[in-house]
Amino acid sequence: THIYTNDNSEVPIFLFRMAEVDTEWADAYRRTALKGMDFILSIQNSNGSWRVVDNDLHTPAMFTAHAVSGLATAYNYTTNKSGYKAAIEKGLDFIATQILESGRVKCCYEINSGTEYWRPPSSDQAICIRAFAHAEYYVNDSSKINEWKTNRLKLLNWFDQLIDDSGAVKNGLG
């Protein structure tokens with residue numbers, strides 16, 4: 001009954017991946033994915049962020065990161081490259097404002113204690129890292145690519161502290 005930014009960004013990413021596997025139906029997967037990403041593009045906030053859901057207008061970095069990852073994955077297939085690129089750049093600029101001095105991104109529950117309150121810092125962090133990585137990989141004609149890499153590495157440096165000796169990722173520090 002509600003329209004979540006994260007799910008509506010993730011599904012197109014999966015459809016683009018399915019187009020690589022099920023090549024017979026690749027065009028249908030891509031067309032459907034682009035419709036979803038065009039919708040996501042249409043609901044971006046003026047400050048570059050995306051909302052959690054239509055009835056929760058808070059803007060945690062993680063939800064913006066989901067949208068950016070989807071738009072970046074779609075970038076090579078859209079005819080609206082300038083619109084997608086502008087949205088991606090603005091979205092990543094917003095996420096950059098949410099990176100703390102330590103390299104950790106502000107978590108959902110720090111923006112609103114009722115939004116994704118159960119999600120560990122490792123999750124928000126990983127999703128934001130992926131957004132910068134997808135932008136670097138798919139939108140390599142942006143003048144901001146070096147800035148994206150710097151932010152991705154800053155986020156990764158904090159994330160690396162969560163990996164224990166077995167290789168498992170802890171939920172957070174402490």
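Sorted pairs that involve residues 40-54 and meet salt bridge (Lys or Arg N to Asp or Glu O under 4.0 Å), not counting sequence neighbours, are lacking altogether.
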Distance-only donor-acceptor hits, side chain of residues 166-174, under 3.5 Å, sequence neighbours excluded:
from: Ser166; atom 1: OG; to: Asp164; atom 2: OD1; distance (Å): 2.6
from: Ser166; atom 1: OG; to: Ala168; atom 2: N; distance (Å): 3.3

Show every donor-acceptor pair shorter than 3.5 Å between a side-chain atom in residues 95-111 and any protein atom, with sequence neighbours excluded, or say none if there are none.
from: Thr97; atom 1: OG1; to: Phe94; atom 2: O; distance (Å): 2.5
from: Ser102; atom 1: OG; to: Arg104; atom 2: N; distance (Å): 3.3
from: Arg104; atom 1: NH1; to: Glu110; atom 2: OE1; distance (Å): 2.8
from: Arg104; atom 1: NH2; to: Glu110; atom 2: OE2; distance (Å): 3.1
from: Glu110; atom 1: OE1; to: Cys107; atom 2: N; distance (Å): 2.6

Which atom pairs, donor and acceptor, lie under 3.5 Å between side-chain atoms of residues 28-41 and protein residues at least two apart or in another chain?
from: Tyr29; atom 1: OH; to: Asp22; atom 2: OD2; distance (Å): 2.9
from: Thr32; atom 1: OG1; to: Ala28; atom 2: O; distance (Å): 2.9
from: Asp38; atom 1: OD1; to: Tyr84; atom 2: OH; distance (Å): 2.6

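Among residues two or more places apart in sequence or in another chain, the ring-ring contact (aromatic ring centres under 6.0 Å, His included) test is passed with Tyr77 by Phe16. With sequence neighbours excluded, the residues forming a salt bridge (charged side-chain N to carboxylate O under 4.0 Å, His left out) with Asp141 are Lys85, listed by chain and number.
Atom CG in Asn47 sits 5.5 Å away from atom CG in Asn45 (nearest 0.5 Å). Atoms OG1 and NE2, on Thr64 and His66 in that order, are 10.0 Å from each other to the nearest 0.5 Å. With values rounded to the nearest 0.5 angstrom, Phe63 atom CZ is found 8.0 Å from Asp7 atom CG.
Looking only at side-chain heavy atoms (C-beta outward), Pro60 and Asn112 stay at 4.5 Å or farther from each other.
Cation-pi geometry between Lys149 and Phe132 is not met: the NZ or CZ atom fails to fall both under 6.0 Å from the ring centre and inside 45° of the normal.
At a threshold of 4.5 Å between side-chain heavy atoms, the hydrophobic network of Ile, Leu, Val, Met, Phe, Trp and Tyr places Val68 and Ile3 in one connected group.
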